[in-house]
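Naming: A, B, ... by sequence-line order, numbering from 1 per chain.
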Protein chains: 2
Amino acid sequence: MEKNESISRIQGAITRNSELFEELAQLYKIFADSSRVKILCALTQSEMCVSEISEFLSITQSAVSHQLRILKTSNLVKTRRAGKSIIYSLTDDHVRTIIDCGMDHIAE
Amino acid sequence: MEKNESISRIQGAITRNSELFEELAQLYKIFADSSRVKILCALTQSEMCVSEISEFLSITQSAVSHQLRILKTSNLVKTRRAGKSIIYSLTDDHVRTIIDCGMDHIAE
DNA sequence: TCCATATATGAGCATTTGTTCATATGTTCA
DNA sequence: TGAACATATGAACAAATGCTCATATATGGA
């Protein structure tokens, strides 16, 4: 059976960059939960503390903290302390771009 | 305790559009697996049949079929029959845009 | 210093997810 | 029509995920 040259090149490229795709999937995994994507979208509008985020998600403060830890570990958000509160904000504008990109698709 | 006007508006916007964010998370969920993202990236280069895709992923033909079904149900890919083979291709260019968007972030 | 408030963390649990195995469906060709 | 090939589907299962509950840590004010 003849083997298509072009397909073979593509297969090779994917295989060689396997780690890159793992990383890419890992990134999307972060956006793949409605709580997290809501948090991220809120933070594109303004920095917020944990309790403010808790207010509009219907989940406990604990759950919010767990999610924020994931976002922080992935370097998507950063924190600063303000008295008793911890203020969360986006580390850069990539998040906004990624969300917009997905929204564009949904809008069809 | 004083309630920040601007934060309150953001919270409201997120809550009102809750379903939209569910949908957005659902979209990212599709990209949140390395097998699927590899398939999608391959298809940005060329249409392919199932066995060609099986070749470069280290998973069984069955697993590939299951993943392709998810992609098709989500309308990210379409199919056509060519003899014994089923040829998969992207339904539109949004997929490419979304992948590029994520890649940009990884590149830092 | 003691208490209230704000956030973080660990254990436990139910749900979801991605894979494999076995098998069914569908197509081509002798 | 029957064998070989290509793909799809269902069941089963291990691993990952997101939540809650209980509790720990940290800050500010009386």
Side-chain angles (χ1 to χ4, degrees), chain A residues 1-4 7 18 21-40 42-43 47-74 76-89, chain B residues 1-4 7 18 21-40 42-43 47-74 76-89:
Chain A
M1 190 187 290
E2 271 279 317
K3 177 72 183 279
N4 184 321
I7 296 284
S18 189
F21 291 106
E22 304 281 352
E23 206 178 337
L24 190 61
Q26 202 57 42
L27 174 66
Y28 286 124
K29 214 167 275 187
I30 299 168
F31 290 79
D33 172 77
S34 62
S35 293
R36 280 194 298 269
V37 92
K38 282 176 188 172
I39 293 173
L40 289 172
L43 294 183
E47 56 175 18
M48 279 189 199
C49 68
V50 179
S51 56
E52 283 168 335
I53 295 170
S54 281
E55 265 181 77
F56 66 87
L57 299 176
S58 320
I59 56 177
T60 64
Q61 171 270 318
S62 172
V64 174
S65 266
H66 281 301
Q67 297 297 13
L68 287 170
R69 194 160 63 85
I70 292 173
L71 297 179
K72 195 175 179 194
T73 302
S74 322
L76 294 181
V77 304
K78 60 184 195 297
T79 60
R80 68 168 218 272
R81 180 174 280 280
K84 280 180 285 192
S85 299
I86 307 284
I87 314 283
Y88 281 79
S89 59
Chain B
M1 189 188 290
E2 270 278 317
K3 177 71 183 277
N4 184 321
I7 296 284
S18 190
F21 290 106
E22 305 281 351
E23 207 176 335
L24 189 61
Q26 203 56 43
L27 173 66
Y28 286 124
K29 214 167 275 185
I30 298 167
F31 291 79
D33 173 77
S34 63
S35 294
R36 281 193 298 269
V37 92
K38 282 176 188 174
I39 293 173
L40 289 172
L43 295 181
E47 56 176 17
M48 279 187 199
C49 69
V50 179
S51 55
E52 284 168 334
I53 295 170
S54 281
E55 265 181 78
F56 66 89
L57 299 177
S58 321
I59 56 177
T60 64
Q61 171 271 318
S62 171
V64 174
S65 265
H66 281 299
Q67 297 296 13
L68 287 169
R69 192 160 64 85
I70 292 173
L71 297 178
K72 195 176 181 193
T73 302
S74 321
L76 294 182
V77 304
K78 60 186 196 295
T79 60
R80 70 167 217 273
R81 180 174 278 281
K84 280 180 283 191
S85 299
I86 307 284
I87 314 282
Y88 281 79
S89 59

Throw together a table of side-chain donor-acceptor distances under 3.5 angstrom for residues 81-88 of chain A, partners on residues two or more places apart or in other chains.
residue : atom : partner : partner atom : Å
A/R81   : NH1  : A/G83   : O            : 3.0

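For B/Q67, no side-chain nitrogen or oxygen approaches OP1 or OP2 of C/dT17 to under 4.0 Å. Of the side-chain N and O atoms in A/Y88, one or more sit less than 4.0 angstrom from OP1 or OP2 of C/dA8. In this structure, B/S51 does not reach the D/dC5 phosphate: none of its side-chain N or O atoms is under 4.0 Å from OP1 or OP2. Phosphate proximity of D/dT20 to A/T60: present, with a side-chain N or O under 4.0 Å from OP1 or OP2.
The backbone N or O of B/I70 lies less than 3.5 Å from no partner atom in the side chain of B/R36, so there is not a single donor-acceptor pair. Remark: the backbone N or O of B/C49 is paired with a side-chain donor or acceptor of B/E52 at under 3.5 angstrom.
Taking the six-membered ring where the residue is Trp, B/Y28 and A/F31 present tilted rings, their angle falling between 30° and 60°.
The side chain to side chain donor-acceptor pair (under 3.5 Å) test applied to A/K72 returns A/T79, not counting sequence neighbours. Qualifying side chain to side chain donor-acceptor pair (under 3.5 Å) partners for A/T60, counting only residues two or more places apart in sequence or in other chains: none. Residues satisfying the salt bridge (charged side-chain N to carboxylate O under 4.0 Å, His left out) criterion with B/E47, sequence neighbours excluded, are B/R80. In terms of the side chain to side chain donor-acceptor pair (under 3.5 Å) criterion, A/S74 has no residue partners (sequence neighbours excluded). When the side chain to side chain contact (heavy atoms under 4.5 Å, CB included) test is applied to B/K78, the partners found at least two apart in sequence or on another chain are B/S89, B/T91. Annotation: side chain to side chain donor-acceptor pair (under 3.5 Å) contacts of B/Q61 (sequence neighbours excluded): B/S65.
As a whole-Å value, the separation of B/R69 CZ from D/dT7 C1' is 13 Å. Residue A/E52 contributes atom CD, which lies 17 Å from atom P of C/dT5 at whole-angstrom precision. Note: CE (B/M48) to C1' (D/dA6) measures 17 Å, nearest angstrom. Residue A/I86 contributes atom CD1, which lies 14 Å from atom C1' of D/dG28 at whole-angstrom precision. Look at CG on A/L71: it is 12 Å from P on C/dA8, rounded to the nearest Å. Distance CD1 (A/I59) to P (D/dG18): 10 Å, rounded to an integer number of Å. The separation between A/L57 atom CG and D/dT20 atom C1' is 15 Å, rounded to whole Å. Rounded to whole angstrom, the span from the CG atom of B/L68 across to the C1' atom of C/dT19 amounts to 14 Å.
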Requested in this report: Treat primed atoms plus P, OP1 and OP2 as sugar-phosphate and everything else as base, then score nucleotides 22-30 of chain C 5' to 3': B for base contact with protein heavy atoms under 4.0 Å, S for sugar-phosphate contact only, - for none.
Outcome: B---SBS--

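Summary of the strand contacts: B/V64 and A/I70 both lie near DNA chain D, and taking for each the nucleotide with the nearest heavy atom, the more 5' one is attributed to B/V64.
Nucleic acid contact for A/S65: base, since at least one base atom lies under 4.0 Å from a heavy atom of the residue.
Within residues 21-35 of chain B, no residue has a heavy atom under 4.0 Å from DNA chain D.
The aromatic ring of B/H66 does not stack onto the base of C/dT19, failing the criterion of a centre distance under 5.5 Å from the six-membered base ring together with planes under 30° apart.
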